[in-house]
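Chain naming here is simple, since letters A, B, ... match the order of the sequence lines and numbering starts at 1 in each.
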Amino acid sequence: MAGRLDVRKTYKLYIGGAFPRSESGRSYAVADSRGRFLANASHASRKDARDAVVAARKAFDGWSGATAYNRGQVLYRVAELMEGRRDQFVEEVLAAEGGGRAKATAAVDAAIDRWVWYAGWTDKVAQVAGSANPVAGPYFNFSTPEPTGVVAALAPQSSSLLGLVSVVAPIVCVGNTVVVVTSADRPLPAVTLSEVLATSDVPGGVVNVLTGHAAELGPWLADHLDVNAIDLTGAAGDTDLAVDLEVRAAENTKRVLRSPAAEPDWTATPDGPRRILAFCETKTVWHPMGV
Amino acid sequence: MSSSAVAPFVAPDAIGDLAAATASDSALRRFLHGLPGVDQVGAEARAAGLATRSIKKDAKRWALDMIVAMTDLTTLEGADTPGKVRAMSAKAVQPEPGDPTCPSVAAVCVYPDLVAVAKRAVAGSSVAVASVATAFPSGRASLEVKLADVASAVDAGADEVDMVIDRGAFLAGRYSVVLEEIRAVKQACGRAHLKVILETGELATLDNVRRASWLAMAGGADFIKTSTGKAAQSATPPVTLVMLEAVRDFAEATGTVVGVKVAGGIRTSKEAVRYLVLVHETAGVEWLRPDRFRFGASSLLNDVLMQRAFQRTGRYHSADRVTLD
């Protein structure tokens with residue numbers, strides 16, 4: 001008797017809560033850590049990036065308008081659902097990054113914990129970063145961090161899941177929406193994370209995942225006037241690209257989180273809400289004291 | 001493939017003498033019901049097929065400018081104020097202040113009581129003032145009231161009048177009532193152009209759309225217009241296809257050129273470009289002019305301006321950089 005036919009998975013993009021193929025019809029072959037063929041992934045084009053920004057903008061009002069407590073609950077649920085798919089994530093991270101099962105398992109565990117960590121920050125960041133300011137007049141004066149808007153992010157190239165979560169979670173936890181370009185050579189765990197997000201309570205459009213090349217999509221996102229901030233972490237080590245994107249981002253004075261010289265070690269717990277605050281605006285209110 | 005999947009082309013000799021056809025109630029009915037039936041599936045397939053045309057580069061730039069020049073910038077809300085109409089009129093005259101190559105829109109479209117305000121605001125420009133009238137949007141009033149409505153708009157200086165047909169009478173088969181009403185309004189318009197709104201969303205079938213188009217043109221319409229924008233269903237490509245065929249055939253049969261205005265629900269440049277393709281492939285290139293084809297729209301203009309900016313700068317634009325209206 002013939003063996004069962006393989007049911008191979010089609011890895012697609014994640015835009016506005018749906019899983020479309022690339023508008024361009026392109027795909028590219030993804031290899032595992034030893035160079036063997038793994039799967040074909042969608043090769044996102046500039047029009048996919050454009051559509052993703054539209055979806056992110058549409059989702060922004062709802063997500064930023066949700067209470068911080070509610071956002072925390074929603075992000076915690078992402079961790080719950082990832083936990084349920086833990087084995088799948090471990091296999092995919094192992095295939096993508098190599099380095100042994102123990103290391104892959106540790107990375108997946110850390111990625112799940114990172115969601116929990118940032119879920120906790122949603123309703124605490126205002127206390128830590130906000131302030132009541134003494135002013136010389138009869139006013140209450142206080143400052144609070146507010147989400148910047150639509151953020152484009154280039155995910156780290158090496159750490160396919162933990163690095164991605166470490167970039168995306170701080171952006172969305174404060175109420176931003178994000179268009180993230182995955183690691184070009186290791187995109188598959190990001191697609192599985194999209195499936196988790198699609199079945200969690202995160203509204204469609206809050207996180208949009210494009211598999212493809214940072215050098216191709218980055219300029220369109222950095223140029224885009226409806227993108228309010230850009231995270232260049234994924235351009236680490238490629239100074240020319242990083243500089244080009246920073247110059248382009250200057251046109252509408254985007255907030256830029258500059259790329260590090262080399263990709264950082266993501267396994268360590270972040271030292272405070274630095275990444276969250278990179279994508280916040282400070283709102284200061286002068287309120288008459290009344291009698 | 002033939003030039004149109006829908007049409008048994010309505011040949012000039014099939015129409016015969018239009019004056020005779022509209023002379024009596026029974027002749028009018030015979031004429032309208034004698035029009036060839038519309039193949040609904042064919043019309044939908046044809047419209048969908050044309051929607052897949054890809055318009056790029058120079059053609060796209062031309063199309064975007066043409067869409068601006070064809071726009072009737074519209075505000076028809078209960079909450080309209082003179083201030084809002086003035087702001088809209090300023091935008092109509094100069095849609096993109098930073099770019100002198102951007103054309104003005106064709107007209108601003110308001111309720112009759114705001115015509116005078118709009119007229120002052122667009123004075124000295126090429127922008128016309130259009131006013132809805134005849135108990136817009138339902139058209140449910142006596143003829144005297146409707147004519148008074150038209151007179152008030154025309155007296156205030158409206159260059160174009162958008163009337164609604166009496167859909168109740170049309171659907172009940174009282175075609176001559178509708179025809180007489182259009183004729184009376186046309187007379188009341190004087191020198192103002194008359195656009196006749198068929199409200200195709202309430203006409204149920206494409207056969208009715210064809211009949212209403214011919215009826216409106218026989219009554220003296222300068223434009224036939226799809227919808228008020230107030231009904232559940234507004235302009236659709238198949239409906240527009242049928243209307244474009246009607247104006248083409250009418251011009252062939254009588255030599256009189258009538259324009260088409262699509263209104264309601266067109267919000268993106270992409271949709272608007274598809275309508276231009278439809279015009280080009282159905283009525284012909286002669287209809288690709290602001291005096292023969294119009295878009296009744298409010299939010300469409302912002303999207304077109306954003307697309308123009310993208311074509312000019314190569315950067316995707318933001319809604320934060322166009323006016324809120």
Hey, which of A:Leu225, A:Leu221, A:Val150 has the most heavy atom pairs under 4.5 Å with chain B?
A:Leu225
Heavy-atom neighbours of B:Lys84 NZ exceed 12 at 6.0 Å:
yes
Above 12 or not: heavy atoms from other molecules or residues under 6.0 Å from CZ of A:Arg258?
no
Go through B:Arg321 and A:Asn252 one step at a time and tell me if the side-chain contact (heavy atoms from CB on, under 4.5 Å) criterion holds.
CA-CA 11 Å; B:Arg321 297 185 174 220; A:Asn252 71 336; 3.2 Å; yes
Identified side chain to side chain donor-acceptor pair (under 3.5 Å) counterpart of B:Tyr316 within the set A:His224, A:Arg46, A:Arg50
A:Arg46
